[in-house]
Amino acid sequence: MDVRIVEHPLVATRLTAMRDETTDSANFRSALHELTSLLVYEATRDIELSAYDIRTPVTSTSGYTLANPPLLVPVLRAGLGMAESAHNLLPEATMGFVGLARDEATHEPRVYMESLPADLAGRHVIVLDPMVATGGSLVRCCEMIAARGCDNISVVCALAAPPAIERLRNSGLPLTITTASIDDGLNDDAFIVPGLGDAGDRQFGAYRRY
Ligand SMILES: O=P(O)(O)OC[C@H]1O[C@H](OP(=O)(O)OP(=O)(O)O)[C@H](O)[C@@H]1O
Ligand SMILES: O=c1cc[nH]c(=O)[nH]1
Ligand SMILES: [Mg+2]
């Protein structure tokens, strides 16, 4: 499994804004939007192009278009904050949605929404979720995608934790990960350390859901 850690000064400053507990929701969302553009840029570095002929005002030359526009899959809620920036970079992309909420006690993900094309054979899928902690949510999401025939999944996240990397490596799922950082570990509540807290709450507010 290919793990790409994007080391770049602009990534470091956006990630710092997101980590800082004094950053308010609006600035957290804006840092996540910018960070997503930088990470998706790296995650799509090897994407396949198809060439076609164009004319400039001066002469003929080759132009390029994406050979296989990806399916973007933000994982609700927190991944919603990555959807628009990724779509802006990849306007040809289509978008599916998966809703997952991690149980606070067991840390197991609960699926509450699944809106994906039935057939994903031959498609490139880019999963967007800022946080990969135990890896349970991401494995669940990628299993749904692989069950539809996909064998090419790129995961884009802001932070990943070592146990998740290990779990994803052992999962046998056909994925690569692009992240801004692999942090030190997890605390007793399975939150990433040093981390940035709950990425959903920091964007949209903390509230009881049921
Ligand atoms: O790797 P894991 O241990 O599974 O944890 C990561 C998941 O937790 C967060 O979502 P959360 O369940 O808090 O839902 P939210 O996006 O609605 O806040 C995060 O956005 C991931 O989906
Ligand atoms: O640190 C963490 C772990 C799971 N989900 C989050 O939003 N943050
Ligand atoms: Mg959350």
Side-chain angles (χ1 to χ4, degrees), residues 1 3 5 14-21 23-25 27-29 31-33 35-36 39-40 43 72-86 95-116 125-146 153-171 173 175-210:
M1 184 181 73
V3 181
I5 303 171
R14 272 42 174 210
L15 186 55
T16 301
M18 291 171 64
R19 287 192 193 279
D20 188 336
E21 67 175 2
T23 300
D24 65 16
S25 273
N27 285 303
F28 185 95
R29 290 194 300 272
L32 177 59
H33 295 168
L35 181 67
T36 300
L39 296 176
V40 170
L72 299 172
V73 179
V75 179
L76 277 48
R77 283 178 310 170
L80 267 184
M82 304 173 78
E84 190 178 349
S85 336
M95 201 176 292
F97 301 88
V98 168
L100 297 176
R102 203 173 71 154
D103 183 283
E104 281 177 20
T106 64
H107 310 137
E108 288 301 315
R110 182 177 64 84
V111 181
Y112 61 86
M113 194 173 97
E114 190 173 352
S115 175
L116 294 168
V125 176
I126 302 182
V127 174
L128 305 166
D129 191 333
M131 310 302 278
V132 182
T134 65
S137 303
L138 192 58
V139 166
R140 190 75 186 78
C141 176
C142 292
E143 281 172 351
M144 291 180 208
I145 292 165
I153 306 174
S154 302
V155 175
V156 177
C157 63
L159 294 182
I165 300 292
E166 189 61 21
R167 184 164 177 174
L168 294 166
R169 268 193 215 290
N170 295 335
S171 72
L173 287 160
L175 52 85
T176 66
I177 302 185
T178 301
T179 183
S181 170
I182 297 180
D183 272 10
D184 298 341
L186 299 176
N187 68 13
D188 291 343
D189 295 321
F191 270 78
I192 298 178
V193 180
L196 50 76
D198 187 302
D201 289 356
R202 293 206 57 194
Q203 291 176 77
F204 305 118
Y207 47 79
R208 280 185 63 84
R209 287 185 240 185
Y210 27 78

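Counting starts at 1 for both ligands and their atoms, in listed order.
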Q.
For ligand 2 and G200, I'd like to know whether there is a polar contact (N/O to N/O, distance under 3.5 Å).
A. no
(Q) Tell me whether R19 at atom CZ has more than 12 heavy atoms from other residues, nucleotides or ligands lying less than 6.0 Å away. (A) yes
Q. Less than 3.5 Å between some nitrogen or oxygen of Y112 and one of ligand 1, yes or no?
A. no
Q.
Between D129 and V155, is the side chain to side chain contact (heavy atoms under 4.5 Å, CB included) condition met? List the steps.
A. CA-CA 8 Å; D129 191 333; V155 175; over 6 Å; no
Q: Report the part of D129 (side chain from C-beta onward, or backbone N, CA, C, O) that has a heavy atom under 4.0 Å from ligand 1; answer both or neither where that applies.
A: side chain
(Q) Quick check: R77 and ligand 1, any N/O pair under 3.5 Å apart? (A) yes
Q. For ligand 2, is any non-hydrogen atom under 4.0 Å from P130's backbone (N, CA, C, O), its side chain (CB onward), both, or neither?
A. neither
Q. Side chain of R167, backbone of V139: donor and acceptor closer than 3.5 Å?
A. no
(Q) Quick check on the Mg ion (ligand 3): does D198 put an N/O/S atom closer than 2.8 Å to it? (A) yes
Q: With heavy atoms under 4.0 Å as the rule, classify the contact between D201 and ligand 1 as side chain, backbone, both or neither.
A: neither
Q: Give the numbers and elements of all ligand 2 atoms closer than 4.0 Å to a heavy atom of R102.
A: 3 (C), 4 (C)
Q) Just wondering, more than 12 heavy atoms not from E84 lying within 6.0 Å of its CD? A) no
Q. Any side-chain heavy-atom pair from S85 and H33 closer than 4.5 angstrom?
A. yes
Q) Would you find a donor on one side and an acceptor on the other, under 3.5 Å apart, between the side chain of R102 and the backbone of S137? A) no
Q) Considering all protein heavy atoms, does one lie under 4.0 Å from atom 18 (O) of ligand 1? A) yes
Q. If we only count heavy atoms from C-beta on, is the V193 to D183 side-chain gap below 4.5 Å?
A. no
Q | Sub-3.5 Å N/O-N/O distance, A101 and ligand 1 | A | no
(Q) I need the nearest protein heavy-atom contact for atom 1 (O) of ligand 2: residue, atom name and distance, please. (A) I192 N, 2.8 Å
Q: Considering heavy atoms of the protein only, find what lies nearest to atom 2 (C) of ligand 2 and give residue, atom and distance to 0.1 Å.
A: F191 CD2, 3.4 Å
Q) Should T134 and P163 count as side-chain neighbours, where that means a heavy-atom distance under 4.5 Å? A) no
Q. Is a side-chain N or O of E108 found less than 3.5 angstrom from the main chain of D103, in a donor-acceptor match?
A. no
Q. For ligand 2, is there an N or O atom under 3.5 Å from any N or O atom of G197?
A. yes
Q: Please step through side chain to side chain contact (heavy atoms under 4.5 Å, CB included) for the pair M1 and I165, ending with a clear verdict.
A: CA-CA 9 Å; M1 184 181 73; I165 300 292; 4.2 Å; yes
Q) Any protein heavy atom under 4.0 Å from atom 21 (C) of ligand 1? A) yes
Q: Kindly indicate whether the side chain of V132, heavy atoms from C-beta on, has any atom under 4.5 Å from the side chain of I177.
A: no
Q.
I'd like to know if G135 contacts ligand 1, where contact means a heavy-atom distance under 4.0 Å to any ligand atom.
A. yes
Q. Do the side chain of S115 and the main chain of G96 share a donor and acceptor less than 3.5 angstrom apart?
A. no
(Q) Test your reading of the structure: does A199 have an N or O sitting under 3.5 Å from an N or O of ligand 2? (A) yes
Q | Element-labelled atoms of ligand 2 that are located less than 4.0 Å from some non-hydrogen atom of A190 | A | 3 (C)
Q.
Which residue and atom name correspond to the protein heavy atom nearest atom 5 (N) of ligand 2, and how close is it?
A. M131 CB, 4.1 Å
Q: May I ask whether L138 has any heavy atom positioned less than 4.0 angstrom from an atom of ligand 1?
A: no
